[in-house]
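This report concerns only the one structure given below.
Position 1 is the first residue of the sequence, and the numbers go up from there.
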Amino acid sequence: MSNKNLIYQLAEQAGIKIIPELEHIGGRGFLANHDELSQFAKLVADIARDDERKKILQKSNKQL
């Protein structure tokens, strides 16, 4: 999955409104309040933690 698709998927999960018309004129097509932004940040952090765990496990398996 591309990063752009992942961002849109996480934004949708967080309840952020996507406004495609703004992107057509060079703007950012997202509209969110504080709670939605907080939820988005939590989702991103979860993915980052999972990715780091995988890297650590792969590294430890190679050392064995």
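In this structure Asp50 satisfies the salt bridge (Lys or Arg N to Asp or Glu O under 4.0 Å) test together with Arg53, sequence neighbours excluded. Looking at residues two or more places apart in sequence or on another chain, you find a salt bridge (Lys or Arg N to Asp or Glu O under 4.0 Å) between Lys17 and Glu36.
Listed by first then second residue, pairs satisfying ring pair (Phe, Tyr, Trp, His ring centres under 6.0 Å) with a partner in residues 11-59 read Tyr8-Phe30, not counting sequence neighbours.
Between Leu22 and Gly29, the shortest heavy-atom distance links the atoms CB-CA, 4.0 Å.
Within 6.0 Å of atom CD in Gln13, more than 12 heavy atoms from other residues, nucleotides or ligands are found, so the atom counts as buried in its surroundings.
A salt bridge links Asp51 with Lys55: at least one charged nitrogen is closer than 4.0 Å to a carboxylate oxygen.
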Exercise for the section: Verify side-chain contact (heavy atoms from CB on, under 4.5 Å) between Gln39 and Lys42, making sure each step is shown before the conclusion. Expected result: CA-CA 5 Å; Gln39 181 61 30; Lys42 289 176 187 176; 4.3 Å; yes

Exercise for the section: Walk me through it: do Ser2 and Asn5 pass the test side chain to side chain donor-acceptor pair (under 3.5 Å)? Expected result: CA-CA 5 Å; Ser2 73; Asn5 290 338; 3.2 Å; yes

Practice task
Show your working on side-chain contact (heavy atoms from CB on, under 4.5 Å) between Leu31 and Ile18 and close with a plain yes or no.
Solution key: CA-CA 6 Å; Leu31 179 64; Ile18 300 169; over 6 Å; no

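Rounded to the nearest 0.5 Å, atoms NZ (Lys59) and CD (Glu52) are 10.5 Å apart. Taken from CD1 in Ile7 to CG in Leu43, the straight-line distance is 12.5 Å, to the nearest 0.5 Å. Rounded to the nearest 0.5 Å, atoms CD1 (Ile47) and CG (Leu6) are 4.5 Å apart.
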